[in-house]
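These notes are about the structure you will find just below.
Starting from 1, each residue takes its place in the sequence as its number. When a ligand or atom number is given, it counts from 1 through the structure's own listing order.
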Amino acid sequence: MPSDPFYITTAISYPNGRPHIGHAYEAIAADAIARFQRMQGREVRFQTGTDEHGLKMVQTARERGVEVADLAREMSDQFQAMCDALNVSYDNFQRTTDPAHHRASVAIWEAMKASGDLYLDRYEGWYSVRDEAYYEEKELTEGEGGAKLSPQGTPVEWTVEESWFFKLSKYEKPLLELYANQPDFIRPESRRNEVVRFVEGGLRDLSMSRTSFDWGVKVPGSPDHVMYVWVDALTNYLTGLGYPDATPDMAKFWPASLHLIGKDIVRFHAVYWPAFLMSAGIALPKQVFGHGFLLARDGAKMSKSAGNVVDPMALAERYGVDAFRYFLLREVSFGSDGTWSEEAIVARCNAELANSFGNLAQRVLSMVASNLGGKIPVLQGLSLADRREAANDHDRRHATLGTGFLCDSLRAAHEYREAFASLDWQRAFNAWLKVVFQANSYVDETSPWKLKATDPDLMASVLAHLMIVLHDLAIMLRPIAPTACDRLLDAIGIPEAERDFGSIDDMEWYDRLLSSGQFIAKPTPIFPRLELPAEDPA
Ligand code: MSP
């Protein structure tokens with residue numbers, strides 16, 4: 001199990017509108033990873049924030065008749081409120097209008113300049129205000145009425161300006177070497193292939209400054225220029241650790257373990273960012289993961305400009321934060337695009353959370369509360385060492401129904417952990433659900449309530465097995481649905497400090513629970529059944 005510090009970041013969002021469900025998806029995914037790594041015993045730093053400079057912000061503020069700084073503050077607060085409402089456990093919410101961020105951006109600029117990689121020239125090209133990016137003629141497509149469009153489908157205009165340039169072409173070979181030597185630098189594989197093809201196609205030097213507006217970080221020594229918004233935006237990952245100072249956080253958490261971003265901005269993170277860092281003499285992040293897009297049910301791409309934006313906080317309030325988080329991560333195969341609808345949230349969460357896991361928890365804890373007067377049941381017949389050994393030994397596992405069940409669940413927990421660590425959430429969820437289903441069948445097959453009169457020891461043993469598996473399932477799901485799992489672990493009587501993945505392998509917690517003299521109270525459901533809101537009479 002890795003024990004080194006873990007630094008995870010999300011993209012920083014443009015606060016030119018309110019957050020939508022796509023932003024929520026990324027924040028929740030990153031949060032689940034951060035929580036998982038903490039539960040593996042790693043020291044985690046988790047950063048998110050807002051990307052407040054650039055022409056798009058200036059234009060939106062103008063359209064709304066407000067000061068750009070006021071727009072940035074108001075909307076940035078909304079993004080932070082969304083993270084708080086969704087239980088996103090960030091350590092730092094980085095705003096790019098923070099003076100410390102300006103200092104970091106100037107420092108990285110100066111480091112790139114000192115390497116001889118920045119020069120002043122004239123820039124002409126197809127510029128998309130919406131993407132804040134220049135495109136090459138060959139990348140453009142034609143829209144309605146012959147209008148030229150970027151590969152993202154946004155309008156482009158021919159633009160001429162004096163600009164600082166970065167010698168990106170110089171980094172073509174080092175970047176290709178990086179992708180070859182570190183095959184995991186870009187994930188998933190399909191995005192990696194796109195990036196490699198793009199770089200193999202040849203890199204042109206990159207325009208790094210703008211003179212047409214002044215909302216940004218001023219270029220040192222060129223007061224008419226502000227940095228291209230992506231230069232300062234990418235630098236946010238360093239700002240939050242205290243760069244350019246040699247802080248303890250820089251020493252501990254840089255290079256970043258994982259930049260989690262959407263597939264539309266992989267090029268910025270996997271081409272420009274490592275090139276800037278190489279130029280500035282700073283170590284490269286270990287991995288860039290480009291997740292897919294979340295699409296509204298009709299398959300339409302959801303964006304602020306398309307108008308089909310849904311407030312993620314309203315959805316979380318309607319269905320519960322944990323259910324909403326579970327749905328988003330469970331429904332979409334991580335790395336691919338996925339669709340969502342309220343019907344799908346209700347169907348998925350009712351089937352898997354309310355009826356399966358929630359029901360299991362309710363059944364087990366109720367049986368302990370009513371049949372044993374709440375006393376923790378004594379485990380018989382299978383020691384901790386047996387369980388561990390048998391989990392690796394197929395022949396031994398079906399010694400008894402209970403033994404097989406406990407060993408299967410331990411094996412599933414190992415598979416879950418391995419799949420989660422490699423961000424293969426579909427496999428992780430399947431392993432988890434299999435145990436939930438098995439545990440429910442185990443209750444049906446053993447019918448512990450019938451054993452009360454005939455074989456109370458066996459009943460206690462069955463309930464002990466179920467308590468152990470319930471604990472393991474709650475630990476496994478905790479990064480995804482933290483509040484509900486904590487309620488369940490509270491009900492079982494597990495102290496906060498013991499809620500980690502290690503406790504699945506090391507069942508000493510059960511002995512401690514037995515000797516603690518604690519009682520299981522009559523439980524209340526952890527995942528209530530969800531319902532769609534009633535149709536509007538109109
Ligand atoms: N400001 C830049 C990122 C700079 S990072 C140094 C940006 N901002 S954004 O607000 O447009 O997007 C923020 C993140 O949300 C990006 O990773 C983007 O891919 C992601 N998503 C935006 N819409 C999305 C969906 N519909 N679905 C999933 N993620 C989406 O890009």
- Item | Pair Gln152, Arg130: side-chain N/O donor-acceptor within cut-off below 3.5 Å |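 The criterion, which ignores hydrogens and geometry beyond distance, is not satisfied for Arg130 and Gln152.
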- Message: We want to know whether Thr9 and Gln47 form a side-chain donor-acceptor pair, criterion being a heavy-atom distance below 3.5 angstrom.
- Response: no
- Message: Is it the case that over 12 heavy atoms from other parts of the model lie below 6.0 angstrom from the CD atom of Glu157?
- Response: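 No, not enclosed.
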Nearest option to [atom], as decided by whichever heavy atom of [options] sits closest:
{"atom": "atom 2 (C) of ligand 1", "options": "Thr235, Ile12, Ile265", "value": "Ile12"}
{"atom": "atom 18 (C) of ligand 1", "options": "Asp264, Asn236, Thr9", "value": "Asp264"}
{"atom": "atom 16 (C) of ligand 1", "options": "Glu26, His23, His269, Arg130", "value": "Glu26"}

Looking only at distances, can you tell me whether any N or O atom of [X], backbone or side chain, sits closer than 3.5 Å to an N or O atom of ligand 1?
{"X": "Gly292", "result": "no"}
{"X": "Trp230", "result": "no"}
{"X": "Ala233", "result": "no"}

- Task: Sort and list the pairs that fulfil salt bridge (charged side-chain N to carboxylate O under 4.0 Å, His left out) and have at least one residue in residues 174-199, not counting sequence neighbours.
- Result: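 Pairs touching residues 174-199 that pass the test: Lys173-Glu177.
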If you count the atoms of ligand 1 from 1 in the order shown, which ones are under 4.0 Å from a heavy atom of [X]?
{"X": "Asp51", "answer": "1 (N), 2 (C), 4 (C)"}
{"X": "His291", "answer": "28 (C), 29 (N)"}
{"X": "His20", "answer": "22 (C), 23 (N), 24 (C)"}
{"X": "Ile261", "answer": "17 (O)"}

- Task: Determine, using ring centers only, whether Phe334 and Trp425 are less than 6.0 Å apart.
- Result: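 Judged by ring-centre distance (under 6.0 Å), Trp425 and Phe334 do meet the cut-off.
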- Message: Let me confirm one number: the CZ-CG distance from Arg325 to Leu477, rounded to the nearest 0.5 Å.
- Response: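 It comes to 10.0 Å.
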- Message: Is it the case that the side chain of His23 and the backbone of His20 share a donor-acceptor pair, with hydrogens and angles ignored and the cut-off at 3.5 Å?
- Response: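 Indeed, once roles are kept as given, a pair shorter than 3.5 Å links the two residues.
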- Item | Mode of Tyr237 contact toward ligand 1 - side chain, backbone, both, neither (heavy atoms, under 4.0 Å) |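 Just the side chain.
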- Mind checking whether Leu55 and Arg210 have side chains closer than 4.5 Å, heavy atoms only?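 Result no, sub-4.5 Å side-chain heavy-atom pair not found.
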